[in-house]
Every structure is written in structure tokens, then in C-alpha cells.
Amino acid sequence: MPKHIEPIQSVKGTRDLLPPETELWQRVEEEARRVFQAYGFREIRTPILEATALFARSVGADTDIVTKEMYTFQDRDEESLTLRPEATASVVRAYIEHRLYHEGGLHKLYYLGPMFRRDRPQKGRYRQFYQMGAEVLGSDHPAIDVETIEMLVLLLERLALQEFTLLLNSVGCPRCRPEYLKVLRRALEEVRANLCADCQRRAVTNPLRVLDCKVEADQPIIERLPRMVDYLCMECRQHLEAVKSGLQDSGVAYQDVPRLVRGLDYYTRTTFEITSGALGAQNAILGGGRYDGLSEMLGGPPAPGFGFAIGEDRLALAVKEAWEKQPIEAPRARRPLAYIAWMGDAALGAAAKLARELRRQNLSIEISYQPNKLKRALGTASKIGARFTVIIGEGELASGRYQVKDMGTGQQDEVEADPGKVAAYLHEKTAKREGSNPATGERT
RNA sequence: GUGAGCGUAGCUCAGCUGGUAGAGCUCCAGACUGUGGAUCUGGAUGUCGCGGGUUCGAAUCCCGUCGCUCACCCCA
């Protein structure tokens, strides 16, 4: 016997998604793709590995993400590479690299995949986490902002998510923001002593963050601080108004949150976030905004953009909770349509053939791998959730008719021992039990 | 990076002030020789996270360490 061998675990902040969970994720992704496509987005796949400089230049050299959260390493040839902490930079990089702007018009791209940030893990936050996001490149029209947000609300509704809130703000542009920051710093100077310890620090390092503070005692002070909206330039103000009235027209409820701040430097004008009550401290399910200068920052032509990223881990968490509270069936483990039970070696050939033919019709079939007793086979069939059990034993081989048992009702019929006939029988029986569940797509 | 809580069977956990490890669920077998989910009966499984210390004796107390979780920070 070998000595005790220490098993290797998944690395901190990463995790395995196992079957019932992966089925939920598939449902979420399918719905997202459907909605994105309905709004004219097409998929882009960019590398997970990028040059480190890409993120330093886009996300911002002294943001938390870049200064302490990136997985960065030297490649063998000394080049510094980074596991992407977000994907907007990559999409814009690809947009520039492939000169997509030459095609003119709008580019609407969506993506989905893992991102990496070396944070301390907690509920809804992982070092490898997943985002589904989309970008609209090539227009600064407020209708883009409206339409994209509207799409997100539709997606959340499709997923039967309840209790989410859209938070909206404008962070201005390079023309008006510096002025506001000056005013904010000045105002903070005066009240700084009364703020919580964290905010006293933020007042210096990152004044916008003070606005986002959640400490109860600070709220009255924060309320009275100058607000970005009051310092927007004419263009930014008009843009914000247009977005708001557009949202109203499309029936999307939002909350003005003058203090909504986002952590990436490239945002301009519209910023938004959707939060869910179901999540704990990390309550932002998705966030995004406009980034009109990003293309230029990355060496491309002027190309205004708008985009968002959904935290898939968090969305899945919220969706799961929401479904538990509603009369919606969570997607079950995929259930086989039929279990084929055979008794006696002579029946194996017929059973294997039946399984093969049914599977060729994309029916989900399980078959026993040893000649069990019937009792045991039925036990297995009900355990794995098979809807039917096909019984093939000596009697069935002799008569040329299989027994097919409906595991729900217990009803049992004889069906001619021909794969086509069995398939037809199964189709007919399942067709009768219609009723499709909108949230799970599963027949009930 | 900081703080707190928690690591006991495959899962959920009990085991109080130290006396040599238990329940429920699951799993397996039988009652019931070709008809499942119920019930009953029986059975299996543990480096008590790891290392050290105190003690006649440690799952229990102390120290260290690793891991997980939640929160801060920040964000999805």
C-alpha cells in the first residue's frame, strides 16, 4: 500500500462546476445568446491571454484591477502577459487590429468566457469568474445606450429574475470631469474629518469612491457633496437626458444614482449597474457604460462605444434563488427518456441494438451494463429519472414484443420489437404530455 | 492585503466543562426467484484537516499551519 498521498485541489478562488450546476449555466447562456442575437449582436472570441499593456492602458494604470489583481507573468521571451481581467479591452483591441471600422456602421459583438482577478474570494466573487458581455462600437447615440439596457432587462425577465434594480448615472467626459473632481476634492477637504476611516483615505486616493461608501453614518455627509450631474457639460447633460427619456419610453424603470461610480478608468458619460437583492455583499449582477475615448487610448481611430458585462457566476446564483421561490422548475439533471433493461446474455444484442437506433434519433437512452434482475433494473431506472423502461428478457425475445413501462404512471404496454416501432411509441407517448416550461424549456 | 467564523463518515451535522466516535440522509443486502419509487430488518465506511504541545488519557484544551466560508477593500 502506498503512503497517504495528498490530493491536489483546485486553486484558491477557482472551482469546478458540476452537473446540475452546469445545466443551469447552459440555460442561462442559451437565453443570453438568444436575446443578444435578437438585438443584432454576433459572437466574438478573443484570447484569454493578452499583452499586459492592453489593460494598463485601458482599464487604467492605477486602478485596483491593474495594480493588484491581475495574473501577470513573463513569457519565455520576456514579454509580459496577463490573463484577462475583463474583455472590453480585448474586443476593442480586436476591433482596431482587424480594422473593423473600415466596414463602416455599427459593430455589435458579444462574448462569453472566463476572466481572472486575484481578489480574495467570497460569495459571488472568484479568481476565475465568468462574464457574458457585449459591445456596440461606432456610435455615440444615446439610443444605443437605451437599447442595450433594454435588452438586458429583457434577458433578466426571460430568466424570471425578480427584484433587480437598474442604477443609472453619468460620469461625464474628459472635458467636464476634471472640473468636477476639483470641486469634489475641495468639498471633501472640509468634511473629511467626519467621515469613516476608509473615506478619509479615499478622499485623497480616489475621491469618487467616497460617493460609493456604504457606512450609515457617512450618508448624510455624502448626500450634501457636489454631484457629477450638476457639473456635466452641455453635451453630456443632453446625452444623459436622452438616455433617461429613452428608458422611460421603453418602459424600463431606473434609479438615478448620482453616486454610482465604476472602477474602470475608460468610462465616459453613461454608467449603469443592475443589482440583485439575492446576492449578499457582492450584489452587482452586471455593469457597464459608455467608453467613447477607449479606441483612441488603444491607438485606434475615434470609435465611441457602449458595453456591459454580466457576472455569470452571480447571475446564475440569483437565477437559482429566484427559481426556488417561484413555481418554476429548476432544470433537473438531464433525464434519460428511456432505460433499457435486459435479462440474460441472449438479450444483450437486442438491447444494444435498440439503444443504438434510438440514440441515432437523438433520444437520450441509458442501458444496463450487466444482466440485472428486473427488480434492480427498475430501481436503477427510477433512480436516474428515466421516463420509460424498455424490458427485454427471454419472454420478450421469444414473443418479439418488448415491454415498455411508463415510470410515471406505472402503465405498461407491449410494443413490437423493432427500434422504429419503439421510437414511434415513445414519441407518441411523450407528445401527449405537452406543456413546456418557459423558464426551463423542459417538458413537464 | 486585513478581519472573523468554521474544518468529525460520500452528504448534512451532533459530540457541553478531556475518558478512546455517533445520528439522519445516501449506499449495499434481504423480506419480495420478471416489475421501481413506500415500509421493515441487517450491513459498510472515518489518518476527527495537518503538525506539535499539555495530560495517565485529546475530536474536545494550547500553539502553529493549511484549507473553506463570510465580511472589509474592490468589482462582475
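In what follows, every chain begins at residue 1, and chains take the letters A, B, ... in the order their sequences are listed.
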_Tell me the interatomic distance from Ile8(A), atom CD1, to C66(B), atom P, rounded to whole angstroms._
18 Å

_Leu156(A) CG - A76(B) P separation (whole Å)_ = 16 Å

*Just by distance, with hydrogens left out, do Thr63(A) and Asp265(A) show a side-chain donor and acceptor under 3.5 Å apart?*
no

*Kindly assign one of parallel, tilted or perpendicular to the pair Trp25(A) and Tyr130(A), based on the angle between their ring planes and the thresholds 30° and 60°.*
perpendicular

*Do Tyr71(A) and Arg117(A) get their side chains close enough for a donor-acceptor pair, meaning under 3.5 Å?*
no

_Would the base of C73(B) count as contacting Arg125(A) through its side chain, where contact means a donor and an acceptor less than 3.5 Å apart?_
yes

_Say we look at G1(B) and A9(B): how far apart would their P atoms be, to the nearest angstrom?_
30 Å

*Indicate, yes or no, whether a donor-acceptor pair under 3.5 Å links the base of C73(B) to the side chain of Gln122(A).*
yes

*Which part of the nucleic acid does Glu312(A) contact within heavy-atom distance under 4.0 Å: base, sugar-phosphate only, or nothing?*
nothing

*Sticking with atom C1', work out how far C72(B) lies from C25(B), rounded to a whole angstrom.*
37 Å

*Determine the interatomic distance between P on U41(B) and the same-named atom on A23(B); round to the nearest Å.*
14 Å

*asked:* For RNA chain B, please output the secondary structure as dot-bracket, reading 5' to 3'. Pairs are Watson-Crick or G-U wobble, both atom distances under 3.5 Å; mark crossing pairs with [ ], other-strand partners with |, unpaired with a dot.
replied: (((((((..((((.....[..)))).(((((.......))))).....(((((..]....))))))))))))....

*May I have the step-by-step check of ring pair (Phe, Tyr, Trp, His ring centres under 6.0 Å) for Tyr266(A) and Tyr291(A), ending in yes or no?*
CA-CA 6 Å; Tyr266(A) 54 64; Tyr291(A) 45 86; 5.7 Å; yes

*Choose from C68(B), G1(B), G34(B) the nucleotide whose nearest atom is closest to any side-chain atom of Lys12(A).*
C68(B)

*asked:* Once you apply a heavy-atom cut-off of 4.0 Å, does Ile285(A) come out as touching a base, just sugar-phosphate, or nothing?
replied: sugar-phosphate

*Between the side-chain atoms of Arg120(A) and the base atoms of A71(B), is any donor-acceptor pair under 3.5 Å?*
no

*For Gln282(A) and for Lys375(A), find the nucleotide of RNA chain B with the closest heavy atom, then tell me which residue's nucleotide is more 5'.*
Lys375(A)

_Nearest-angstrom distance, P atom, G52(B) to A58(B)_ = 13 Å

_Touch class at under 4.0 angstrom, heavy-atom based, for Glu396(A) against every strand present_ = base

*May I ask you to test the Ser368(A)-Thr380(A) pair for a side-chain heavy-atom distance under 4.5 Å?*
no

*Specify the separation, in whole Å, of atom CG of Asp313(A) and atom P of U69(B).*
13 Å

*Can you find an N or O donor on one side and an acceptor on the other, under 3.5 Å apart, linking the side chain of Lys383(A) with the base of G36(B)?*
no

*Which nucleotide in the list A71(B), C28(B), C32(B) gets nearest to the side chain of Arg376(A)?*
C28(B)

_Aromatic contact between Phe306(A) and Phe272(A), with the criterion being ring centroids under 6.0 Å apart: yes or no?_
yes

*Asp119(A) has an atom CG; how far is it from atom P of G1(B), in whole Å?*
11 Å

*Between G37(B) atom P and Arg387(A) atom CZ, what is the distance in whole Å?*
21 Å

*asked:* Over all strands shown, is Met115(A) touching base, sugar-phosphate only, or nothing at heavy-atom distances under 4.0 angstrom?
replied: nothing

*For Ile391(A), which contact category applies under a 4.0 Å heavy-atom criterion: base, sugar-phosphate, or nothing?*
base

*For the pair made of OH in Tyr339(A) and C1' in G34(B), what is the distance, rounded to whole Å?*
14 Å

*Measure from CG on Leu378(A) to P on A38(B) and round the result to the nearest Å.*
14 Å

*With sugar-phosphate meaning primed atoms plus P, OP1 and OP2, does Gly393(A) contact a base, only sugar-phosphate, or nothing at under 4.0 Å between heavy atoms?*
base

*What is the minimum heavy-atom distance between Thr72(A) and Ser80(A), and which atoms define it?*
CG2-OG, 3.4 Å

*Side-chain donor/acceptor of Gln412(A) to base of G36(B), under 3.5 Å*: no

*Taking the same atom, P, in C68(B) and in C11(B), what whole-Å distance lies between them?*
16 Å

*asked:* Counting the atoms with a prime plus P, OP1 and OP2 as sugar-phosphate, which does Gly133(A) contact under 4.0 Å by heavy atoms, base, sugar-phosphate, or nothing?
replied: nothing

_Rounded C1' spacing from U8(B) to U45(B) in Å_ = 14 Å

*Assess whether atom NZ of Lys244(A) is packed by more than 12 heavy atoms of other residues, nucleotides or ligands within 6.0 Å.*
yes

*Just one of Ile365(A), Val404(A), Val422(A) clears the side chain to side chain contact (heavy atoms under 4.5 Å, CB included) bar with Phe388(A), so which one?*
Val404(A)

*Would you verify whether the NZ or CZ of Arg15(A) falls within 45 degrees of the ring axis of Tyr126(A) while also being under 6.0 Å from that six-membered ring's centre?*
yes

_5' precedence on RNA chain B between Ile392(A) and Val11(A) (nearest-nucleotide basis)_ = Ile392(A)

_Nearest-Å distance once atom P is located in both G10(B) and G53(B)_ = 28 Å

*How close or far is atom C1' of C74(B) from atom NZ of Lys123(A), stated in whole angstroms?*
19 Å

_Please give the distance between the C1' atoms of G37(B) and G43(B) as a whole number of Å._
22 Å

*Have a look at Tyr126(A) and say if it touches a base, only the backbone sugar-phosphate, or nothing, with a 4.0 Å heavy-atom cut-off.*
base

_Closest approach to the side chain of Ala284(A), judged atom by atom: which nucleotide of G30(B), G36(B), A76(B) is it?_
A76(B)

